Amino acid sequence: MTNRQDGLAQALDTEQRTVSRLYERLDLAREKAQRTLREVYASSAVSATRQARVEREVLASEQARRLAQLNAVERGLCFGRIDDGSGRSTYIGRIGLRDESHESVLIDWRAPAARPFYVATATNPGGLVRRRHLHLKDRVVVGIDDEVFDLEGMSEGDRRTLVGEAALLAALRRGRTGRMGDVVATIQTEQDRVIRASLQGALVVQGGPGTGKTVAALHRAAYLLYTHRDTLERRGVLVVGPNPMFLRYIGQVLPALGETQVVMTTVGEMFPGVRASAADAPRTAVVKGDPRMAGLVAAGLELRRRAPDGELVVELDGLRLRVAHETCARLRERARAVRLPHNMARKLYVTELLKELARAEARALEESLHIEELVIEGEPELSEPLDLEGDLDELDIELASRRLWGEPAVRRAVDGLWPELTPQSLIGDLLSDPGALREAAPPGLDWQALVREPGAAWTVGDVPLLDEAAELLGEDDSARRVAARQAGEEVAEQQLYAREVLITTGVAEAGVFERADVLAERHADDGLGLTTADRAAADRSWAYGHVIVDEAQELSPMAWRMIMRRVPAKSLTVVGDVAQTGSAAGARSWGEVLDPFLAGRWREERLLVNYRTPVEIMTVAADVLRAFAPGQEPPESVREGEAEPRAVHVPAEGLPELVAGELAAIGAGEEQGRVAVLTPDAAHERVARLFPRGDLDAPVVVLTVGQAKGLEFDAVVVVDPAGIIGQSPMGGQDLYVAMTRATRRLTVAYEGDLPPVLSRLA
């Protein structure tokens, strides 16, 4: 055995013993949590008192949360070790663990003590002499990579066991699996700055393809929940991605980091009950995303609150109830003046109009009786005139109003003047009514682009309009507010009791009181058993503690209005690259989209190193960027690829053979190695029919460029680059996105002429 092999074997043996001990601690912690959870439910299963239920749920929720966290970190529990100049070694992992003496044996990657693992460099090692990466398969150490900062500071024995290469480059060479993996073991210094940035304020992470901005943002979510759990446990974290495919791609990252209390959604799913994925045509998308649409929606609502053309007449049991036009207009203006949302102001309007109808009913009845008496007596004069309206007191009017509200004819009349509306009815009716759009649109807005057929399916661009409508409409929540006031004292009492439970049972720790308070609140509002993420996802008006927006350059100004409503504290992480803007309604600069809401109060971190895309591919992609976004600079690639990118003239029916060759070239198997075929929107169905249907877990997947945003693959075949360029005003930037999804191989397939911007491949 050579000295190198001997050193590797010795190092693997040393690290295996440590890792085995760490897994023993994990198993013990897991068994303790499971045992406690069983005991909690067994001890109070038959108790029906409210306090017993609170006690059970506080303890059970805490242990269930701990158990879920312990189960989530099974894979790759420990991934790093740092050695300092004093000879002390510290192990870094996905979670913190202690031994029997309560001494730390594994440091959580988010803890301050773990930061040297991420920020040490050759020029500034921060007191470290070595950084070691451990590669595990199941519970076995199968590889080691060392980075040495001070060779002289190491012992002779440690020097003999130095092995491996840079862990990041090794990770990049591994085949894709169809899911984003966490990079907790290979976080780079510039990414660490993003992850550990302050919770307060808005942070913009501007980074080109392959700079790791998405994984940095997801690790930031885990870090913030760990560091600021007392703040974020109650309000939660929202992650907004560009499409459902992207959310599925990243879905495993946060659970692997020990965090599950995060709501993940797209813009098209941010309005409860609506799941929109279809995109509008570029012309329509631009108009729907225009901030002036807020004014159009408000004006469209005003058109639904009207006074009758003449007097209001309601036919009821042979009587004609008449209310003067001027009275109806006055009641409308009074309801408008209270500045409540439409459906809440409607309650005031209806109440007052019913009173007027009650008086009108008295007048109509008086008139009817007067005429009847004249007919019966045959006399031109009555002994004493009737005054039924004047005889009404407040109780009479209230009783009459309640009775009238039960009459269908009265309800129809009221709804015709001030209808109760849903966001769906308001926006759906407005967009399918050219006359209303023309009247509501501000000058210069291309309202004709908004017209659609009644009942058409919702698009992603409609969702911010629905949210805007919901803000204007509101809901009559008076009963709920009364119930909330009545529950206030009970909530406080249950919070105090829950805290006492945690103290007396000995499970109290940092941040646990806040979790107890949340549990007590769930009892008060019948939310028992729901996590913060569950409750937040179902509540359109939920105020999150922090929001992360990925591929943020795609959002329109109206989408930003919707996002900002959900984070009143304006604590955001905005992740994207304006050079990759594909939406006609998207961002040209960060200041353009953020300053209307933040007035310049945002800071920017730039990620400049492309770890994913080989130099050879990025050189061709940079030609595209210079042609279509000359003001933008591509990131600098740090590694060379295995093959030069190429252009192949091939008809559509030849694509399967071409893709089969790419699969063979990357050695794709069931577990890793992925090829993406990226097409223009119009060609997607035609090309997809040539391949077995597959998702991100399949060796081959056919996607539009929009669906591929934020994803990466071993090999990419870009179909019809001219079609991609021509499909929208931002088509050139779409081509740039398509060209930068590959980690190893890029092929451009075309039938007609190769676009001049790709002449390097000719």
Side-chain angles (χ1 to χ4, degrees), residues 297-377 380-382 384-422 425-426 429-430 432-440 472-474 476:
V297 173
L301 176 58
E302 282 301 316
L303 295 176
R304 304 296 296 273
R305 307 194 290 204
R306 63 184 190 85
D309 294 334
E311 64 178 0
L312 175 65
V313 180
V314 180
E315 299 277 353
L316 189 64
D317 296 332
L319 298 177
R320 284 195 167 190
L321 283 54
R322 301 175 183 273
V323 180
H325 169 83
E326 294 76 11
T327 301
C328 293
R330 174 172 52 80
L331 296 181
R332 181 185 62 174
E333 295 309 312
R334 181 185 297 176
R336 282 174 171 171
V338 298
R339 298 189 178 279
L340 289 173
H342 172 88
N343 287 333
M344 297 173 69
R346 167 183 155 93
K347 185 174 182 179
L348 172 63
Y349 179 80
V350 170
T351 299
E352 295 301 317
L353 185 56
L354 286 175
K355 290 179 180 179
E356 293 299 331
L357 287 170
R359 296 186 180 98
E361 183 183 39
R363 290 195 299 270
L365 184 58
E366 175 185 318
E367 181 178 326
S368 173
L369 291 174
H370 180 74
I371 294 173
E372 183 178 340
E373 187 169 349
L374 284 175
V375 172
I376 293 174
E377 299 295 335
E381 295 182 3
L382 291 173
E384 188 174 333
L386 294 171
D387 186 12
L388 297 182
E389 181 183 2
D391 291 339
L392 292 174
D393 59 20
E394 289 299 320
L395 179 59
D396 295 329
I397 292 176
E398 181 179 347
L399 294 174
S401 297
R402 291 179 183 177
R403 177 174 48 77
L404 288 171
W405 188 234
E407 296 289 344
V410 172
R411 284 188 176 250
R412 286 194 298 271
V414 172
D415 288 341
L417 301 179
W418 193 296
E420 185 171 21
L421 297 170
T422 65
S425 64
L426 175 60
D429 293 346
L430 182 61
S432 58
D433 186 344
L437 283 172
R438 182 175 57 251
E439 189 173 352
L472 296 173
L473 294 176
D476 184 2

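Bear in mind that the values here come from a model prediction, so they are computed numbers and not experimental data.
- Annotation: side chain to side chain donor-acceptor pair (under 3.5 Å) contacts of Glu439 (sequence neighbours excluded): none.
- Taking NZ from Lys347 and CD from Glu420, the interatomic distance works out to 11.5 Å, rounded to the nearest 0.5 Å.
- Atom CG in Leu303 sits 12.0 Å away from atom CG in Asp429 (nearest 0.5 Å).
- For Arg402, the CZ atom sits in a loose shell: 12 or fewer heavy atoms of surrounding residues, nucleotides or ligands are nearer than 6.0 Å.
- Pro419 and Arg304 get closest at one heavy-atom pair: CD-O, 3.0 Å.
- The nearest pair of heavy atoms linking Gly300 to Leu430 is CA-CD1, 4.1 Å.
- By the side chain to side chain contact (heavy atoms under 4.5 Å, CB included) test, Arg339 pairs with no residue at all, sequence neighbours left out.
- The environment of CZ in Arg320 is sparse: at most 12 heavy-atom neighbours from other residues, nucleotides or ligands sit within 6.0 Å.
- With sequence neighbours left out, Arg411 forms a side chain to side chain donor-acceptor pair (under 3.5 Å) with no residue at all.
- Legend: residues meeting side chain to side chain contact (heavy atoms under 4.5 Å, CB included) with Leu354, ordered by chain and number and at least two apart, are Val350, Leu357, Ser401, Leu404, Trp405, Val410.
- Across every non-hydrogen atom of Cys328 and Leu312, the tightest pair is SG-CB, 3.9 Å.
- In this structure, Leu417 and Ala307 approach most closely via the heavy-atom pair CD2-C, 4.1 Å.
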- request: Tell me, with the steps shown, if Leu472 and Val297 meet side chain to side chain contact (heavy atoms under 4.5 Å, CB included).
  value: CA-CA 9 Å; Leu472 296 173; Val297 173; 3.8 Å; yes

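- Tested against Arg305, the residues Glu333, His342, Arg346 include a single side-chain contact (heavy atoms from CB on, under 4.5 Å) partner, His342.
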- prompt: Under the side chain to side chain contact (heavy atoms under 4.5 Å, CB included) criterion, do Leu421 and Leu301 qualify, and how do the steps go?
  reply: CA-CA 9 Å; Leu421 297 170; Leu301 176 58; 3.7 Å; yes

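- Residues Ala413 and Val314 come closest through the heavy atom pair CB-CG2, 3.7 Å.
- Nearest approach of Ala345 to Ala335, heavy atoms of both residues: CB-O, 3.8 Å.
- Exactly one of Glu356, Glu361, Glu315, Glu311 qualifies for a salt bridge (Lys or Arg N to Asp or Glu O under 4.0 Å) with Arg322. That residue is Glu311.
- Contact of the Leu331 side chain with the Trp418 side chain is not registered, since no non-hydrogen atoms from C-beta on lie closer than 4.5 Å.
- For Asp433, there are no side chain to side chain donor-acceptor pair (under 3.5 Å) partners two or more places apart in sequence or in a different chain.
- The side chain to side chain donor-acceptor pair (under 3.5 Å) check on Thr422 picks up Ser425, with sequence neighbours excluded.
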